[in-house]
There are 2 protein chains.
Amino acid sequence: MTDRASCLVSKLGHYISLSEDDRQRLSTLEKSERSYGAGTDIYQMDDPCTDLFVVKQGWLFSYNDLPDGSRQIVKLHLPGDIIGFPDVSQKHVTSTLCAAEDVVLCPFPKTALDVILRDSPRLSALILSIALRDQIILLDLLRALGSMTARARISYMLLDLLARLKITNKGMSDVLRLPLNQSQIAAYVGLTNVYVSKTLSRMEKDGDIARTGNTVHLLRPEAMEEATDFRDRYSDMDIGWFPANKV
Amino acid sequence: MTDRASCLVSKLGHYISLSEDDRQRLSTLEKSERSYGAGTDIYQMDDPCTDLFVVKQGWLFSYNDLPDGSRQIVKLHLPGDIIGFPDVSQKHVTSTLCAAEDVVLCPFPKTALDVILRDSPRLSALILSIALRDQIILLDLLRALGSMTARARISYMLLDLLARLKITNKGMSDVLRLPLNQSQIAAYVGLTNVYVSKTLSRMEKDGDIARTGNTVHLLRPEAMEEATDFRDRYSDMDIGWFPANKV
DNA sequence: CGAGGTTTTGAACTGTTTCAAGCTCGGTGG
DNA sequence: CCACCGAGCTTGAAACAGTTCAAAACCTCG
């Protein structure tokens, strides 16, 4: 991956082989990259939806504040992710995007999708697949929030993050840098910061995890997968049905 | 809508105008329709994923059973809906489909999407938009399960159902036939059947709703929308960016 | 009329929240 | 170099929303 390589090309090329045409198309879509400091709100809920972003560096999350003052984080964004996809279907964005740490993003215009859909069935299929897979993952999260205990929810979150990181980093161990504070974890799994603290402490005492700074070590991932009925949706997407590109 | 009209054509034609070519393409995809009795599991989690279904009649839901014995309903399917979309990205389906009452479905093969993506950019964009909008709706539900009280969750569910029914039935009032028992409602909003009963009774006593048989009348929908920060994602999808079909 | 599924109601219980205080630790300024 | 500050984490006690269990009431349909 050279320095001038487009974020989009490297992200999508990860799933399927791209024709030279496709590479060209994707590269031209990308605007110059941008940096944001930790804690910055990059766009706000209800802003007009014009750009998508590929994450080049750092973690981010999308959140909503509810009428009663509580906050729900609806998505964590890791390097390589495309941010804002679902909002393409709406005139305005439906959540606020916040940098969890210092980040670098590659914006590209929403209209890019138009071009892709018109000219590249293969890329269209890939993008659709990614959108659908993300939906499956949301359903998994829904099950966790709907009917699991605090402990299982947190386990689930950790397993999910590990699986995501392992896509691009095959040989990875079960150690995880977690650049989120406990209030953010709580807002994600639907608990309070206090109970997240208590639950993490208990998990540590029971030997499920070990913590040092903001890294977490999963000591019995299989047991945790068992308890949460965890499935890895990332490693085996079905891309067998993709159409070939027209000639 | 004639008797021989394809389910898919009438579903998709609802959003955009379809060319005669597109109509032809869609019609040929559809297999003959099928009926199932109330309570039937139509397919089971982990079955191979081959077909999608358009709902012609009746309500259904997709659910998962968790290791601890609890059940989570992840999606309610109403007439006009396409079932199984997210699973296209997987080799096996990720939840079990169950008929909440007597239903009629129109199956069509997963490979249909291949054809559409190759030949019709405009239909591709529509399908992608629907998938993305569904994702937004899931995020809304996630917020509800993650950080709302029992009362707000149930309010949210009712508002969402009403909004969905109003898509195809513009002049509809705030009365809703709800062919689900309280255990199913509970499995959907992440509560127990007992507490659903208690909450519904309280809502009725407070004058938020009225019940007769399995129909529910929303008496103060605006107040409920306020309390749950409800947004109607169905009525105004952004389809302005769709590509025209090639000639 | 009886039977089975569904809803209601009450009492005891539990997981999670709330509030509040104390602790840790890295960063900053005197 | 130390004192102090603030953000985040931990801990405990009290309160509460929602669960569990169990029994009774209700409905619909054969």
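Numbered from 1 within each chain, the chains take letters A, B, ... in sequence-line order. Reckoned from all heavy atoms, side chains included, excluding hydrogens, waters and symmetry mates.
Residue pairs meeting the side chain to side chain donor-acceptor pair (under 3.5 Å) criterion with at least one partner in residues 149-158 of chain B, sequence neighbours excluded, are B:R151-B:D206, B:R151-B:D208.
Atoms CG (B:N193) and P (C:dT8) sit 11 Å apart, rounded to a whole Å. Between the C1' atom of C:dT8 and the CG atom of B:N181 lies a distance of 14 Å, rounded to the nearest Å. When rounded to the nearest whole Å, the span between CZ of B:R202 and P of C:dT9 equals 12 Å. In this structure, A:Y195 atom OH and C:dC19 atom P are separated by 18 Å, rounded to whole Å. Atom CG of B:L200 and atom C1' of C:dT8 are 11 Å apart (whole Å). Counting to the nearest Å, the C1' atom of C:dG5 and the CG atom of B:L180 are 15 Å from each other. Atom CE of B:M148 and atom P of C:dT17 are 16 Å apart (whole Å).
A salt bridge is absent between B:R164 and B:D232: the closest approach of a Lys/Arg side-chain nitrogen to an acidic carboxylate oxygen does not fall below 4.0 angstrom. Salt-bridge check for A:D174 with A:K166: passed, with a basic side-chain N closer than 4.0 Å to an acidic carboxylate O. For A:D51 and A:K110, the salt-bridge test fails: no basic side-chain N is under 4.0 Å from an acidic carboxylate O. Salt bridge status for A:R133 with B:D87: absent, with no side-chain N to carboxylate O gap under 4.0 Å. We find that A:R177 and A:E101 are joined by a salt bridge, their nearest charged nitrogen and carboxylate oxygen being less than 4.0 Å apart.
Within the structure, a side-chain polar atom (N or O) of B:R211 is placed less than 4.0 Å from OP1 or OP2 of C:dT8.
For the pair B:V103 and B:V55, the minimum side-chain heavy-atom distance is 4.5 Å or more.
Taking 4.0 Å as the cutoff to heavy atoms of chain B, we find the contact window on DNA chain D bounded by D:dA17 to D:dC21.
In this structure a side-chain-to-backbone donor-acceptor pair under 3.5 Å is missing from A:T40 to A:Y36.
Among the atoms of the strands shown, none is found under 4.0 Å from any heavy atom of B:T199. Looking at heavy-atom distances under 4.0 Å, B:L191 makes contact with sugar-phosphate atoms alone, never a base.
The nearest pair of heavy atoms linking A:S62 to A:S95 is CB-OG, 3.6 Å.
Note that the two end axes of the helix from C:dC1-D:dG30 to C:dG30-D:dC1 enclose an angle of 30°, each drawn from 5 base pairs, rounded to 10 degrees.
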